[in-house]
2 protein chains.
Amino acid sequence: MSLRATPYNALVTAPTTQSADVCEVACVHPEAVVLAKSALPDERCATEATNFLKLLGDTTRLKILSALQTTELCVCDLASVVGISESAVSHQLRLLRTGRLVAFRKEGRVVYYRLADEHVTTLIRSALEHARE
Amino acid sequence: MSLRATPYNALVTAPTTQSADVCEVACVHPEAVVLAKSALPDERCATEATNFLKLLGDTTRLKILSALQTTELCVCDLASVVGISESAVSHQLRLLRTGRLVAFRKEGRVVYYRLADEHVTTLIRSALEHARE
DNA sequence: TTAACACATGAGAAGTTATTCAGGTATAGT
DNA sequence: ACTATACCTGAATAACTTCTCATGTGTTAA
């Protein structure tokens, strides 16, 4: 996960010149293509959404987030719960903070992290449900 | 995305020897740690869930899946809709097939892909909703 | 049979990611 | 002031991902 919002394939994707004829490239079902194309989320939303999903799509981060579903925890605690180094946790927390998936409060030298969003809980629950079936 | 189910950090993660004292490593809030630890999803579920979320966490795949929410489409169509090469689409479809996010039917030499699962639609909708707010 | 088409796949290149390690900063206690 | 603690961060490295290009497979049409 990069901290910048620029996705890998933003540079690679063909420049979609929205001319009159949508189906310039060879395609089999023009009407279906037009329909599907109009249903695509706009670029910004798609990027935001994938950045969000990317953050959930990592075992370490999913564990961190799962742990935070029960209670707020400090970095030390999280390292202990997840079973990795504090440094690794800290790096991941930075990504989660940047993506606004977690919030935190400082108390002296201890930093308590918590989930920032209901969506996180919902999505994790859905994904786990899907995984179990 | 690898096709194998072995995650990157399965080999790196410290071996959690589940001895009597859960908090062997230094940690600040033992009770919170125990609580959070018991709430962690088991390893297999966490892996499956993250594999699923990983598949959603890519702009190209999200576009493919979004397109398939409207109607079934062949590889050609998808390439046209998303704006990338057929080969790239095909590679991504393989991952989505392996992860059982899409299903397909063959008709002559054309292969029609469709979403395999309600969860996919739900999750995409949630993620986009989160992205927009 | 031959050619064209729709799709799949392997190899390789270029980019991205997650960890460790070696330092940092800020706060609390002595 | 000095030390320990809790946390953060940059650099480096190994692993992973996603594309392109070349090629292979199966099906239809001439």
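Letters go in sequence order (proteins before strands), and every chain restarts at 1. Worth saying up front: this structure is predicted, and the values here are computed from it rather than measured. Values below: all heavy atoms of this structure, side chains included; hydrogens, waters and symmetry mates excluded.
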Quick check for you: among D/dT18, D/dC8, D/dT17, whose closest atom lies nearest to any side-chain atom of A/Val75? D/dC8

Rounded to whole Å, CG of B/Asn51 lies from C1' of D/dT17 at a distance of 13 Å

Strictly distance-based, threshold 3.5 Å: is any side-chain N or O of B/Thr122 a donor or acceptor partner for the main-chain N or O of B/Glu118? yes

Counting primed atoms plus P, OP1 and OP2 as sugar-phosphate and everything else as base, spell out the protein contacts along nucleotides 21-30 of chain C at 4.0 Å heavy-atom distance: B, S or - for each nucleotide, 5' to 3'. B-----BS--

Looking across every strand, which nucleic acid part, if any, lies under 4.0 Å from B/Tyr113 by heavy atom: base, sugar-phosphate, or nothing? sugar-phosphate

Between B/Arg105 (CZ) and C/dC7 (C1'), how many Å, whole number? 15 Å

Specify whether A/Phe104 and A/Tyr113 have parallel, tilted or perpendicular ring planes, treating 30° as the upper limit for parallel and 60° as the lower limit for perpendicular. tilted

As a test of reading the structure: which of D/dT17, C/dC7, D/dC7 is closest to the side chain of B/Ser90, going by heavy atoms? C/dC7

Is it true that A/Leu65 and A/Leu55 fall in one hydrophobic cluster, defined by side-chain heavy atoms closer than 4.5 Å? yes

When rounded to whole Å, the CG to P distance for the pair B/Leu78 and D/dC19 reads 13 Å

Over how many whole Å does the gap from B/Lys106 atom NZ to C/dA6 atom C1' extend? 10 Å

Between C1' on D/dC7 and CG on A/Leu96, what's the gap in Å once rounded to a whole number? 16 Å

What is the separation between atom CD on A/Glu86 and atom P on D/dT5, rounded to the nearest whole Å? 11 Å

More than 12 non-hydrogen atoms from neighbouring residues, nucleotides or ligands closer than 6.0 Å to CZ on B/Arg97, yes or no? yes

With a cut-off of less than 4.0 Å, is there a side-chain N or O of A/Arg94 near OP1 or OP2 of D/dG10? yes

How does the hydrophobic cluster around B/Leu35 look, that is, which other residues are in it when side-chain heavy atoms under 4.5 Å mark a link? none

Starting at CZ of A/Arg61 and ending at P of C/dT16, how long is that distance when rounded to a whole Å? 15 Å

Using only side-chain N and O atoms of B/Gln92, determine if any of them is under 4.0 Å from OP1 or OP2 of D/dT17. no

Residues A/Glu129 and A/Arg125 bridged, charged N to O under 4.0 Å: no

Under 4.0 Å between a side-chain N or O of A/Arg97 and OP1 or OP2 of D/dT9? yes

So A/His130 and B/His119, would you call those rings parallel, tilted or perpendicular, with 30° and 60° as cut-offs? perpendicular

Of D/dT20, C/dA18, C/dA6, the nucleotide closest to the side chain of B/Ser85 is D/dT20

So what does B/Phe104 hit on the nucleic acid, given a heavy-atom distance under 4.0 Å: a base, only sugar-phosphate, or nothing? nothing

Is the number of heavy atoms from other residues, nucleotides or ligands under 6.0 Å of B/Glu31 CD greater than 12? yes

Give a yes/no answer on whether the side chain of B/Thr60 brings an N or O atom under 4.0 Å of OP1 or OP2 in D/dC19. yes

What nucleotide, of C/dT20, D/dC8, D/dC19, holds the atom closest to the side chain of B/Ala88? D/dC19

Whole-Å distance, A/Ile84 CD1 to D/dC8 P, equals 13 Å

